Q: 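First the structure, which I've put down as structure tokens, then a few questions once you've had a look.
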Amino acid sequence: KKLAGKTFKEFLCECRLEYAAEKLRLSQTSVDEVFVDSGFTSRGEFFSKFEDKYGVTPAQYRKNQKSVQF
């Protein structure tokens, strides 16, 4: 924690969210499958953490990313 500035749990959650964001950008996998594949056990926790980090829901994030690419 002293070196990274965050706990292992916080670091792991951040890694999972980054994986989920990439999966939302690059695949057509459903949001429910993405949250499970990312290692989250609670849909509510996933949505809450995702929205805290990215400012939008996973579905909105995917929609925004597609509109930026085209």
Side-chain angles (χ1 to χ4, degrees):
K1 182 177 178 179
K2 289 179 185 176
L3 294 175
K6 57 185 96 176
T7 66
F8 176 73
K9 187 175 178 179
E10 292 168 333
F11 173 75
L12 183 59
C13 183
E14 188 174 306
C15 290
R16 288 175 172 168
L17 289 169
E18 289 172 7
Y19 174 82
E22 182 176 348
K23 193 132 178 148
L24 289 167
R25 277 193 315 272
L26 302 176
S27 77
Q28 294 301 315
T29 306
S30 74
V31 172
D32 285 337
E33 287 181 69
V34 169
F35 103 77
V36 171
D37 290 348
S38 301
F40 288 90
T41 55
S42 163
R43 189 175 196 271
E45 178 187 16
F46 171 66
F47 272 73
S48 175
K49 300 278 187 190
F50 195 94
E51 210 165 340
D52 286 348
K53 181 171 176 76
Y54 295 102
V56 293
T57 67
Q60 290 169 327
Y61 179 84
R62 173 178 272 164
K63 183 178 178 183
N64 291 346
Q65 294 301 308
K66 290 193 186 280
S67 67
V68 169
Q69 292 175 358
F70 299 108

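Owing to the predicted nature of the structure, the values given are computational and were not obtained by experimental measurement. Numbering starts at 1 and runs along the sequence shown.
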Q: Minimum heavy-atom separation for Arg16 to Phe40, with atom names?
A: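 Result for this residue pair: CB-CE1, 3.6 Å.
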Q: Over all heavy atoms of both residues, which pair between Asp37 and Thr29 is shortest? Give the atoms and the distance, please.
A: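 Heavy atoms of Asp37 and Thr29 come nearest at OD2-CG2, 4.4 Å.
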Q: Say whether Val31 and Val36 are linked into one hydrophobic cluster, either directly or through other cluster members, by side-chain heavy-atom distances under 4.5 angstrom.
A: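 Val31 clusters together with Val36.
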Q: Would a 4.5 Å heavy-atom cut-off, applied to side chains only, mark Lys53 and Glu18 as touching?
A: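 Yes, at least one pair of side-chain atoms sits under 4.5 Å.
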Q: For a quick test of reading the model, state the closest non-hydrogen atom pair linking Phe46 to Ala20 and the distance between them.
A: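 Closest approach of Phe46 to Ala20, heavy atoms only: CE1-CB, 3.7 Å.
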Q: Does Lys23 offer a backbone N or O that forms a donor-acceptor pair with the side chain of Ser27 under 3.5 Å?
A: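 Checking the backbone N and O of Lys23 against the side chain of Ser27, a donor-acceptor pair under 3.5 Å is found.
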Q: Distance check, rounded to the nearest 0.5 Å: Thr57 atom OG1 versus Arg62 atom CZ?
A: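 One gets 11.0 Å once the value is rounded to the nearest 0.5 Å.
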Q: Identify whether Phe47 and Val56 are in the same connected component of the hydrophobic contact network (ILVMFWY, side-chain heavy atoms under 4.5 Å).
A: yes
Q: Looking only at heavy atoms, which two atoms of Leu17 and Lys49 are closest? And how far apart?
A: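 Nearest heavy atoms, Leu17 then Lys49: CD1-O, 3.8 Å.
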Q: Mind checking ring-ring contact (aromatic ring centres under 6.0 Å, His included) for Tyr54 and listing every partner two or more places apart, or none if nothing turns up?
A: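 Tyr54 satisfies ring-ring contact (aromatic ring centres under 6.0 Å, His included) with Phe50, Tyr61 only.
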